[in-house]
Protein chains: 2
Amino acid sequence: MKKTIYDVAEAAGVSISTVSRVINHTGRISKSTRQKVLEVMKELDYQPNVHASALTGKRTNIIGLLTPDIANPFFGELAKSVEERADELGFSIIMCSTDRNPEKETKYFSVLRQKNVDGIIFATGIENKESFAALEDIVEKGIPLVMISQDRALFPMDVVVIDDVMGGYLAAKHLISLGHQKIACLIGDGSTTGEKDRLKGFKKAMDEAGIEIDESLMAGTGFSLQNGKEAAAAMFAQKVPTAVFAVNDVLACAVIQTAREWGLKVPGDLSVIGFDNTILAEMIDPPLTTVSQPIEEMGRRVVELLAEDIHGKKKSKSKMILTPELVIRQSTAPLRIDEKISEKRQQL
Amino acid sequence: MKKTIYDVAEAAGVSISTVSRVINHTGRISKSTRQKVLEVMKELDYQPNVHASALTGKRTNIIGLLTPDIANPFFGELAKSVEERADELGFSIIMCSTDRNPEKETKYFSVLRQKNVDGIIFATGIENKESFAALEDIVEKGIPLVMISQDRALFPMDVVVIDDVMGGYLAAKHLISLGHQKIACLIGDGSTTGEKDRLKGFKKAMDEAGIEIDESLMAGTGFSLQNGKEAAAAMFAQKVPTAVFAVNDVLACAVIQTAREWGLKVPGDLSVIGFDNTILAEMIDPPLTTVSQPIEEMGRRVVELLAEDIHGKKKSKSKMILTPELVIRQSTAPLRIDEKISEKRQQL
DNA sequence: CTGTTAGCGCATTCAC
DNA sequence: GTGAATGCGCTAACAG
């Protein structure tokens, strides 16, 4: 049977409060009795009952991780990093994959509140107002919140982001330096701050170069591979750019695959640049030029911020901005205009 | 402030036991009072406190998911499927990424036990004896266990697997049918039943074809991309096969990348076949021929089995064997022997 | 320094 | 059918 604090107390010849004290390092206890209690605890393999202590207002050592899609390599790698650091710090992770579904979002807030998590990490935006109401509830309750790779100051909370504007800028700058002008953008559903900022950086670079943006080359429906393929196909059907900037690697891969289907060579006929630098970027053919996010560090940092907050070591909220980097591989190349391409374009 | 069962009782003009009864559908209550209580609960937005009920022996609606590496697309996709079905069934998932580290494994068992999870899904083997001892503890406690894609009858538990032997057989058969004989195997760390069975199927096909297995072409160090690259490079340095069967897609990708570094064309100079059919298989260049696992279904099934067990609807343990399928893409091709290759081989 | 006691929110005998 | 009382395991005053 499971050991309780009473068993330990009895075996150690003390009262339960003494045992509780050595467990929680509260109050003062003589070295000898503490020693004794510790010993007994080990002998009995005593494990405090989390629910009992949670019931009295203590922490649960659980944090919720809200993610749009754990199967997306970016979030998979992020989750791994988060889980690892959390474990080191003594927290378990409840994984919530919202699928960008507002209802699931709202539901999860409620579940997390009910389960009394110590804190919540958002790796997803919150869009619908119902979720928002549920969130407010959580905020009121004083549950620490941190946001990662999304930066919308909904409520006072810590934030870890990369400089998305700079990321978009780097991407565009790279394409422009290769001579491209007809550059398309493939965004997701247009709702996240990440996309918006990347796009902002993109436009800034285009502006600086004096290149006008062709609105018909701005496309986006969602974040999945399928979404990307559809959006890319729709775009190609109307107009074919010489380069594409996709706001994440999955979408960039979609572009490359669609291009292949259309007989467009990457990077010969079309340059493609992604964002995230996930494992996909290494795998895809050709290897993807992309803007790298320090995923591992982001995961680590966000957990650390949250932990500090949970432990009450923080007086004020902070925002940590990490720097993206351009990783040049083989999916981008200098603009090349010759008959062959023109011909191919004509056909399309 | 958080509503309790007392608030509801008071507002409904009944006692807490009555409220408890309508919540748990136990005992008999008059239709009218049940109605009334239900109303009040809705009005007050009452949410039962999980910890309090867990304390009285009820379930926690949490299940633990033990995975070797959530960043590996196979486990990422599996986790997504598991999470989705679990959510539908009212369970939250505590994500445990063990990194195949025995210490983390052991630690997680202890954590999960402490957190009083309703059940545990193993998507990883258990190797070291310490973990084993911790596991025994869990089994004794009667916590439902299910195992996925691993089949070692450690204890009575439900199992969802694919026919790994058949999978290995299919892979080898395919390569053999293309004329290959010098076929290498890239396994992981050699510890999991999945690998062993796939290898068994592989050998069976080789046997049937009367091809002798070259032990120097059996390699493996671990499951990561890095591991795969090292193992492949080490193998090529000694001997270059005409085809490679890798026990998962990540390792297959590693082979392809290493081959590229060595100037070996895939599939011209070297055919490569993987296992899992994750998103990587579609992305890699060339698209990977692989043995497909019905990941989504596996995740769904395993949760359903576990849920039944948790709800006590199962008298006996069961084992569900799903069928793998060969997915032919472009990383495998008929054996080709000509001077160009021989020459290249000579150089190596 | 240490023991006693009163809840935390809920499920569950017992009585009525 | 319904209510009062007890305990789950632990923390936090409150007394020594």
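All values below come from the heavy atoms of this structure, side chains included, with hydrogens, waters and symmetry mates left out. Protein chains get the first letters and strands the later ones, always in sequence-line order, with residue 1 at the start of each.
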request  = Rounded to the nearest angstrom, tell me the gap between atom CD1 in I5(A) and atom P in dG9(D).
outcome  = 11 Å

task = Specify the separation, in whole Å, of atom OH of Y6(A) and atom C1' of dC8(D).
result = 10 Å

ask   = Are any of S20(B)'s side-chain N or O atoms less than 4.0 Å away from OP1 or OP2 of dA11(C)?
value = yes

inquiry  = Between N72(A) (side chain only) and F74(A) (backbone N and O only), is there a donor and an acceptor less than 3.5 Å apart?
reply    = yes

ask   = How long is the line joining CD of E10(B) and C1' of dG9(C), in whole Å?
value = 15 Å

message = Could you tell me if the side chain of L112(A) sits less than 4.5 Å from the side chain of L66(A), heavy atoms only?
response = yes

ask   = So how far is it from E296(B) CD to K80(B) NZ, rounded to the nearest 0.5 Å?
value = 10.0 Å

task = Establish, with yes or no, whether the OP1 or OP2 oxygen of dT2(D) is under 4.0 angstrom from a side-chain nitrogen or oxygen of T33(B).
result = yes

task = Please confirm whether the backbone N or O of E84(B) pairs with a side-chain atom of D87(B), one donor and one acceptor, at under 3.5 Å?
result = no

query = Counting side-chain heavy atoms from CB outward, which of dG9(D), dT11(D), dA5(D) is closest to I16(B)?
reply = dA5(D)

ask   = Which whole-number value in Å describes the distance from Q35(A) CD to dC1(C) P?
value = 15 Å

key: Protein-nucleotide distance (R34(A), atom CZ; dT2(C), atom C1'), rounded to Å   = 13 Å

ask   = So what does I23(A) touch, heavy atoms closer than 4.0 Å: a base, only the sugar-phosphate, or nothing?
value = nothing

query = Is the count of non-hydrogen atoms from other residues, nucleotides or ligands lying under 6.0 Å from E103(B) atom CD greater than 12?
reply = no

request  = Figure out the NE2/C1' separation between H25(A) and dC10(D), and round it to whole Å.
outcome  = 16 Å

key: Phosphate OP1/OP2 of dG3(D): any T18(B) side-chain N/O under 4.0 Å   = yes

ask   = Among residues 38-58 of chain B, which residues get a heavy atom nearer than 4.0 Å to DNA chain D?
value = L55(B), T56(B)

task = Give one of base, sugar-phosphate or nothing for V14(A), where a contact means two heavy atoms less than 4.0 Å apart.
result = sugar-phosphate

note = NZ of K115(B) to OG of S92(A), rounded to nearest 0.5 Å, is 3.5 Å

message = Does S17(B) reach a base, just sugar-phosphate, or nothing at all? Heavy atoms under 4.0 Å.
response = base

key: E10(A) atom CD, over 12 foreign heavy atoms within 6.0 Å   = no

task = Let me know the distance between CG of N24(B) and P of dT12(C), rounded to the nearest Å.
result = 7 Å

task = Would you mind reading off the distance between I29(A) atom CD1 and dT11(D) atom C1', rounded to a whole angstrom?
result = 13 Å

